[in-house]
Number of protein chains: 2
Amino acid sequence: MSLARMTPELFALVAERFRAFAEPNRLQILHVLRLREHTVSELVEETGIGQANLSKHLQQLLSCGLVARRKEGLYTHYSLADRDVLKMCDLMCGRLERETKERKKAFAAK
Amino acid sequence: MSLARMTPELFALVAERFRAFAEPNRLQILHVLRLREHTVSELVEETGIGQANLSKHLQQLLSCGLVARRKEGLYTHYSLADRDVLKMCDLMCGRLERETKERKKAFAAK
DNA sequence: CGACTGCATCACAAGATAGTAATGCAGTTG
DNA sequence: CAACTGCATTACTATCTTGTGATGCAGTCG
C-alpha cells in the first residue's frame with residue numbers, strides 16, 4: 001500500500017489478489033505445490049478436489065500470478081510463481097499462531 | 001503455512017484471514033487507519049462508505065484481529081492492530097507493482 | 001427523565017463465488 | 001484416423017457476501 005495515494009481501482013486490484021488466497025481449496029493447492037511442480041491430475045489425487053473445480057481454481061491462481069503453468073504434451077504442470085507466495089502464507093499463518101497462542105494465554109490467566 | 005501438516009480446519013482459518021483483506025472497502029479502511037486512529041463517524045466521512053456497511057466491515061476486521069477497538073464514551077475508536085497488517089498490504093502491493101511493470105515491459109518488447 | 005448522538009444489529013435484495021455434471025478440444029497412441 | 005487421455009470450459013444450482021434502510025441500544029446532555 002505504501003504511502004502512495006490509492007485509487008478505487010488499485011484497492012480493487014489488491015483485493016482481487018487477496019481473494020485468490022482467500023479460499024481453503026486454493027490454499028491447499030498452494031500448499032501441495034510448495035513441495036514441487038504438479039500436473040492437474042496429480043493435484044486431483046493429492047487434494048481430493050474435483051477435476052473441473054480444481055481446474056477453475058488453477059485458472060484463478062494463474063490469472064492472479066500466484067502459480068506458473070508449463071504445458072508439455074498432454075500434461076499441464078503447475079508450480080508456485082515465486083517465493084513471495086509462500087511468504088504471504090507464512091506471514092498469515094504466523095499471525096494466526098500468535099493469535100491462538102494469546103487466546104490460550106488469556107484462558108490460562110482466568 | 002510453514003512445513004507443518006495442514007488440516008482442513010487450518011486452511012479454513014487462514015482463508016478467513018485472507019478474506020478479511022479481500023475487499024476494496026476494507027482495504028480502504030485499513031489505508032485510512034494507517035495514518036491514525038479514527039472513530040466510526042470519521043471513517044464514514046473519510047471513506048464515503050455508509051454507516052451500517054462500514055460498521056459491519058469493522059466487525060469483520062476486528063474479529064480477524066486486523067484492527068483494535070477502543071471505546072470512549074459515545075465514541076468507538078478503531079486503529080490498526082499491528083505492523084504486520086501493513087506488511088501484508090505492502091507485500092501484496094509490491095507484487096502488483098512488479099506485475100504491472102513486467103506487463104509494461106512485455107508490451108514494450110513487442 | 002426525555003431528547004439526542006454514535007454506533008451496532010437486523011432484515012432483506014442483489015450480486016458474486018464455489019461445486020458438479022456434461023461437453024469440448026488439443027495432443028497422443030494404437 | 002479412430003479411440004483415448006488430460007485438461008479447460010460451459011451451464012446450472014446452492015451458498016455466501018455486500019449494501020442499505022430500519023431499528024435498537026448505551027452513553028450524554030439539557
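Just so you know, these numbers come straight off a predicted model, no measurement behind them. Residue numbers begin at 1 in each chain, while the letters A, B, ... track the order of the sequences.
Out of dA21(C), dA26(D), dC7(C), the shortest distance to the side chain of Ser55(B) is found at dC7(C). Residue Tyr75(A) places its side chain closer to dG6(D) than to any other of dT5(C), dG19(D), dG6(D). Of the candidates dA8(C), dT18(D), dT9(D), dA8(C) carries the atom nearest the Val40(B) side chain, counting heavy atoms from C-beta on. Nearest to the side-chain atoms of Asn25(A) among the listed nucleotides dT18(D), dC7(D), dG19(C) stands dG19(C). The side chain of Gln51(A) lies closest to dA8(D), out of dA8(C), dG27(D), dA8(D). Distance from the side chain of Arg19(B) is smallest for dT17(D) among the nucleotides dC7(C), dA8(D), dT17(D).
The nearest pair of heavy atoms linking Arg26(B) to Ala20(B) is NE-O, 2.8 Å. Across every non-hydrogen atom of Val44(A) and Gln51(A), the tightest pair is CG2-CA, 4.0 Å.
Taking atom NZ of residue Lys56(B) and atom P of nucleotide dC7(C), one finds them 18 Å apart after rounding to whole Å. Protein atom CD of Glu16(B) is 13 Å distant from nucleotide atom C1' of dC16(D), rounded to whole Å. Remark: C1' of dA8(C) and CG of Leu74(B) are 13 Å apart, rounded to the nearest angstrom. At whole-Å resolution of the value, CD in Glu45(A) and P in dG6(D) are 11 Å apart. The CG-C1' distance, from Leu58(B) to dC7(C), rounds to 10 Å in whole Å. In this structure, CD of Glu72(B) is placed 13 Å from C1' of dG6(C), rounded to the nearest angstrom. When the C1' atom of dA18(C) is taken as reference, atom CD1 of Ile49(A) falls 11 Å away, rounded to whole Å. What separates CZ of Arg70(B) from P of dG6(C) is a distance of 16 Å, to the nearest Å.
Taking a 6.0 Å sphere around CD of Glu45(A), one finds it holds 12 or fewer heavy atoms contributed by other residues, nucleotides or ligands.
If Ala52(A) and Glu42(B) are placed on DNA chain C by their nearest nucleotide, the residue sitting closer to the 5' end is Glu42(B).
An OP1 or OP2 oxygen of dC7(C) is reached within less than 4.0 angstrom by a side-chain nitrogen or oxygen of Ser41(B). Distances shorter than 4.0 Å separate none of the side-chain N or O atoms of His57(B) from OP1 or OP2 on dT17(D). Applying the 4.0 Å criterion to OP1 and OP2 of dA18(C), one finds that Arg26(A) has a side-chain N or O inside that range. Between Tyr78(B) and the phosphate of dG6(C), there is no side-chain N or O to OP1/OP2 separation shorter than 4.0 Å. OP1 or OP2 of dA18(C) has at least one side-chain nitrogen or oxygen of Gln60(A) nearer than 4.0 Å.
Contact annotation for Gly73(B): backbone-only contact, meaning every heavy-atom pair under 4.0 Å involves sugar-phosphate atoms and none involves a base.
Put simply, the side chain of Gln59(A) and the base of dA8(D) share no donor and acceptor less than 3.5 Å apart. A donor and an acceptor atom never sit less than 3.5 Å apart when one is taken from the side chain of Glu23(A) and the other from the base of dA18(C).
Residues Leu61(B) and Leu33(B) have side chains not in contact (no heavy-atom distance under 4.5 Å, counting atoms from C-beta outward).
With rounding to the nearest 0.5 Å, the separation of CG in Leu58(A) from CG in Leu66(A) is 11.5 Å.
Using cut-offs of 30° and 60° for the angle between ring planes, the Phe11(A) and His31(B) rings count as perpendicular.
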